[in-house]
J.: 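My structure is below; once you've seen it, I'll send some questions.
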Amino acid sequence: RKEVEQDPGPFNVPEGATVAFNCTYSNSASQSFFWYRQDCRKEPKLLMSVYSSGNEDGRFTAQLNRASQYISLLIRDSKLSDSATYLCAVNRGSYIPTFGRGTSLIVHP
Amino acid sequence: GAVVSQHPSRVICKSGTSVKIECRSLDFQATTMFWYRQFPKKSLMLMATSNEGSKATYEQGVEKDKFLINHASLTLSTLTVTSAHPEDSSFYICSARDARGAETQYFGPGTRLLVL
């Protein structure tokens, strides 16, 4: 089993839709979790950290489920500009991150 | 926000040459920098963890003699791809972690390497 797994998609949704991605991790001792956004041929940019209690930033909500070892990202009211690849990252010891392969989102008019 | 630069952004070279990529943290000190490689439609693969003033820690399967890493100061790490071959063609991205202890990484814009 891979350390961090994501459904590569693509998820094809209309503008205004709500879409959710999951990311599973295998190491139960993992402590820190993040969602990054990567545009085509660009570097990843931090979207949000994922806290145990869940956190929200505008249209984006991140959740952590330790029992089932997954994190989720919910995007409400999707915009065309949300089209990108969303990478989850899980820190193993010493803050060394492992990335998932990313989930591709395409928002169409 | 924190800024990390990478140079060059793009390089095309002949097989057998060595290529040096620089990663700089511009407005913070980074005791730790990470080097990644990403192939098209694939995930970021961590190659090595670079610690200022000490030897880099390489991930399993990454040849340390082929990918030389130097982290001589708190703001600069370099990756040298020695005797590059076409299979080394990839997108190389560095990231830096603030020395003040935050877990957040800040990524450089990446370097596209094409080896002919």
Side-chain angles (χ1 to χ4, degrees), chain A residues 1-11 21 23-27 29-52 55 57 62 64 71 83-106, chain B residues 1-7 9-10 21 23-26 30-51 54 56-62 89-114:
Chain A
R1 184 183 171 186
K2 289 183 182 174
E3 275 191 75
V4 180
E5 290 200 71
Q6 288 183 259
D7 180 347
F11 284 62
F21 314 129
C23 168
T24 58
Y25 60 94
S26 60
N27 186 346
S30 300
Q31 291 298 317
S32 308
F33 309 89
F34 306 88
W35 281 105
Y36 286 81
R37 171 195 169 125
Q38 186 175 25
D39 292 292
C40 190
R41 303 175 74 82
K42 298 284 188 182
E43 78 277 19
K45 292 195 187 294
L46 180 66
L47 185 63
M48 56 201 305
S49 303
V50 186
Y51 303 122
S52 297
N55 46 303
D57 182 2
L64 167 63
I71 62 172
S83 298
T85 297
Y86 291 83
L87 305 170
C88 68
V90 177
N91 278 9
R92 57 184 198 248
S94 304
Y95 308 129
I96 298 174
T98 302
F99 284 83
R101 63 176 291 184
T103 297
S104 176
L105 171 66
I106 301 170
Chain B
V3 178
V4 176
S5 71
Q6 249 181 275
H7 178 81
S9 58
R10 188 184 301 261
I21 304 170
C23 178
R24 292 181 187 273
S25 55
L26 297 184
T31 48
T32 304
M33 290 184 173
F34 301 97
W35 285 98
Y36 297 87
R37 181 166 54 181
Q38 187 177 36
F39 292 106
K41 299 191 187 299
K42 299 292 184 185
S43 64
L44 284 167
M45 296 301 299
L46 180 65
M47 299 173 68
T49 303
S50 169
N51 296 298
S54 64
T57 303
Y58 289 80
E59 295 297 300
Q60 194 172 11
V62 178
S89 300
S90 189
F91 188 41
Y92 291 86
I93 313 176
C94 72
S95 70
R97 196 163 66 80
D98 195 317
R100 287 169 292 183
E103 285 193 65
T104 305
Q105 294 181 70
Y106 301 96
F107 283 87
T111 297
R112 292 208 175 274
L113 171 63
L114 177 61

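The model shown is predicted, which means the values in this text are computed figures rather than measured ones. For the numbers below, each heavy atom of this structure counts, side chains included, while hydrogens, waters and symmetry mates do not.
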J.: Ignoring hydrogens, what is the shortest heavy-atom contact between A:Gln38 and B:Gln38? Give both atom names and the distance.
T.: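 Taking every non-hydrogen atom into account, NE2-OE1, 2.8 Å.
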J.: Taking all atoms of both residues into account, what is the closest heavy-atom pair of B:Arg10 and A:Arg41, and its distance?
T.: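 In this case the closest contact between B:Arg10 and A:Arg41 is NH1-NH2, 4.1 Å.
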J.: Could you tell me which portion of B:Phe91 (side chain, backbone, both or neither) has an atom closer than 4.5 angstrom to a non-hydrogen atom of chain A?
T.: side chain
J.: Does any part of the side chain of B:Tyr36, heavy atoms only, come nearer than 4.5 Å to the side chain of A:Pro97, both counted from C-beta?
T.: yes
J.: I want to know whether B:Tyr106 and A:Tyr36 have ring centres closer than 6.0 Å.
T.: no
J.: Around atom OH of A:Tyr51, are there more than 12 heavy atoms of other residues, nucleotides or ligands at under 6.0 Å?
T.: no
J.: Are more than 12 heavy atoms, taken from residues, nucleotides or ligands other than B:Met45, located less than 6.0 Å from that residue's CE atom?
T.: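 Counting other residues, nucleotides and ligands, CE of B:Met45 stays at 12 neighbours or fewer.
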J.: Nearest heavy-atom pair of A:Gly100 and B:Ser43: which atoms, and what distance?
T.: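 Scanning both residues, the minimum pair turns out to be O-CB, 3.2 Å.
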J.: Side chain to side chain donor-acceptor pair (under 3.5 Å), that's the test. Do A:Glu43 and B:Gln6 meet it? Break it down for me.
T.: CA-CA 11 Å; A:Glu43 78 277 19; B:Gln6 249 181 275; over 6 Å; no
J.: State the CZ-CD distance between A:Phe34 and B:Gln105, to the nearest 0.5 angstrom.
T.: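 That separation rounds to 7.5 Å.
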J.: Between A:Ser104, A:Gly102, A:Pro44, A:Ser49, which shows the greatest number of heavy-atom pairs under 4.5 Å with chain B?
T.: A:Pro44
J.: Any non-hydrogen side-chain atom of B:Leu44 less than 4.5 Å from a side-chain atom of A:Leu87?
T.: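 Yes, at least one pair of side-chain atoms sits under 4.5 Å.
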